[in-house]
Amino acid sequence: MESKSFNDAIYRRILAMSQRVQEAQEADLYYYNQAVSELRGGARVLVQGREMGMFASYSYLGLVGHPRINAAAKAAIDRFGTGTHGVRTLAGTLTIHRQLEERIAQFKQTEAAVTFTSGYVTNLTVVSTMVGREDYVLSDKLNHASIVDGCLMSGAKFLRFRHNDMEALETRLQQIPDGSAKLVVADAVFSMDGDIIDLPKMVGLCRKYNAWLMIDEAHSVGVLGKFGRGIEEHFGLEGSVDIKMGTLSKTIPSVGGYVAGNRDLVEYLRHASRAYIFSAALPPAQAAAACEAFQVILDEPWRIQKLRHNADLFISGLKQRGFDTMLTETAIVPVLCGEDETAYQVTQYAQKNDVFVLPVVSPAVPVGLARLRATVTAAHEPEEIEHAMNIIEKAGRSVGIISSNND
Ligand SMILES: *Cc1c(COP(=O)(O)O)cnc(C)c1O
């Protein structure tokens, strides 16, 4: 920066950020972008030369590194190379893309599916293709940033409702003039809190008020439902969500995003969504990995049982130790710390003891609700979870978020 002579608002913003980063680094409280150098099997990873138990992974079913998935990716490279020929609509559509989309549709029990290169891009492009200036989009206040950005980008009238509050949603729906097109969007499982959207009531309201329903399943695929099919399977409401969006970067150990739904919707997105038309397709290896992963989920249902067991163990164990885990019912487990500083201290203690957890602080969550956002996966063994909880307990006592003689 020194060589430039800028001294404007942009420059000051950049400087303010670099000062914040530097202060955190000097205080040894900088947990941004720590590099994992190796997978060590199970839920263990190598970070800065130390083997740690991974409690911040979204690989909920422990599929990262699965031999069948790795083999599928390698075979796709041998067959197709590492890239595509550009955008899907020109030469970029490969048979592996078609196979993946068919597999997703099958898994999600829909007529069709379409993929994009990330979950983030999927939300941007899908929301902004579905609604525009004359329309309304209604979004839960805790929805993921990519949904919020999609709503803003769409130009539609953007109404937010209180988190998971169906009365608030209904009040909003009543404010919309008759005959207007409306889209309701929510996460299935909320990424900071781990709680589950009240789908039955939401579906009822969408029917009553003639609104489209889009659900982001980033944290529900592989996690909810007997076979890991997600939120509809969890509630026994198959076919109730119009636009089933998901990512290929969490439970599915690849990268990309998708929408599953009826054939007309999917064809519409292929012809009208800008991220599909103007951006390149998924690389073959990643498409093949994702395709194989959906099959592995169906072939190895024990992973879903184990994840559920591990999540119950983790949540109940933390509660017994006196922690507030908020409303989570899933594998995302917030451990409420309060002040940002406290969350940093607990993280520091845990990481020094080889438990890899991360803090979430403002502005990602409201001031005073800073937390660890810990996750468990099917790759953890119960003893590893007990060990991690014991470490977190010691940390919690030393900073005073749980009392030292809690029983
Ligand atoms: C991670 C996430 C996304 C973005 O997915 P990427 O594939 O990482 O771009 C979208 N929505 C939710 C709820 C997420 O947690």
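Here the structure is a predicted model, which means the values were calculated and not measured. No hydrogens, no waters, no symmetry mates; every other heavy atom, side chains included, goes into these values. Whatever order the structure lists ligands and atoms in, that order sets their numbers, starting from 1.
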Open item on the list: For the residue pair Arg229 and Phe107, would you count it as a cation-pi contact if the rule is NZ or CZ under 6.0 angstrom from the ring centre and within 45 degrees of the ring axis?
Closed with: yes
- [ ] Could you tell me if the ring centre of Phe55 sits under 6.0 Å from that of Phe356?
- [x] no
Open item on the list: Checking Ser254 now: which residues fulfil side-chain hydrogen bond (donor to acceptor under 3.5 Å, both in side chains) with it, not counting sequence neighbours?
Closed with: Gln286
- [ ] Answer whether the closest heavy-atom distance between the side chains of Ile297 and Ile304 falls below 4.5 Å.
- [x] yes
Please tabulate protein-ligand N/O pairs under 3.5 Å for ligand 1, atom names and distances to 0.1 Å.
residue: ligand 1; atom: 7 (O); partner: Gly119; partner atom: N; Å: 2.8
residue: ligand 1; atom: 7 (O); partner: Thr247; partner atom: OG1; Å: 2.7
residue: ligand 1; atom: 7 (O); partner: Ser249; partner atom: OG; Å: 3.1
residue: ligand 1; atom: 8 (O); partner: Ser249; partner atom: OG; Å: 3.3
residue: ligand 1; atom: 9 (O); partner: Gly119; partner atom: N; Å: 3.1
residue: ligand 1; atom: 9 (O); partner: Tyr120; partner atom: N; Å: 2.8
residue: ligand 1; atom: 11 (N); partner: His144; partner atom: ND1; Å: 3.4
residue: ligand 1; atom: 11 (N); partner: Asp216; partner atom: OD2; Å: 2.6
residue: ligand 1; atom: 15 (O); partner: His219; partner atom: NE2; Å: 2.6
residue: ligand 1; atom: 15 (O); partner: Lys250; partner atom: NZ; Å: 2.6

- [ ] From the options Glu38, His380, Glu51, select the one residue that forms a side chain to side chain donor-acceptor pair (under 3.5 Å) with Arg44.
- [x] Glu51
Task: Lys NZ or Arg CZ of Lys182 over Tyr136 ring: under 6.0 Å, within 45° - done: no
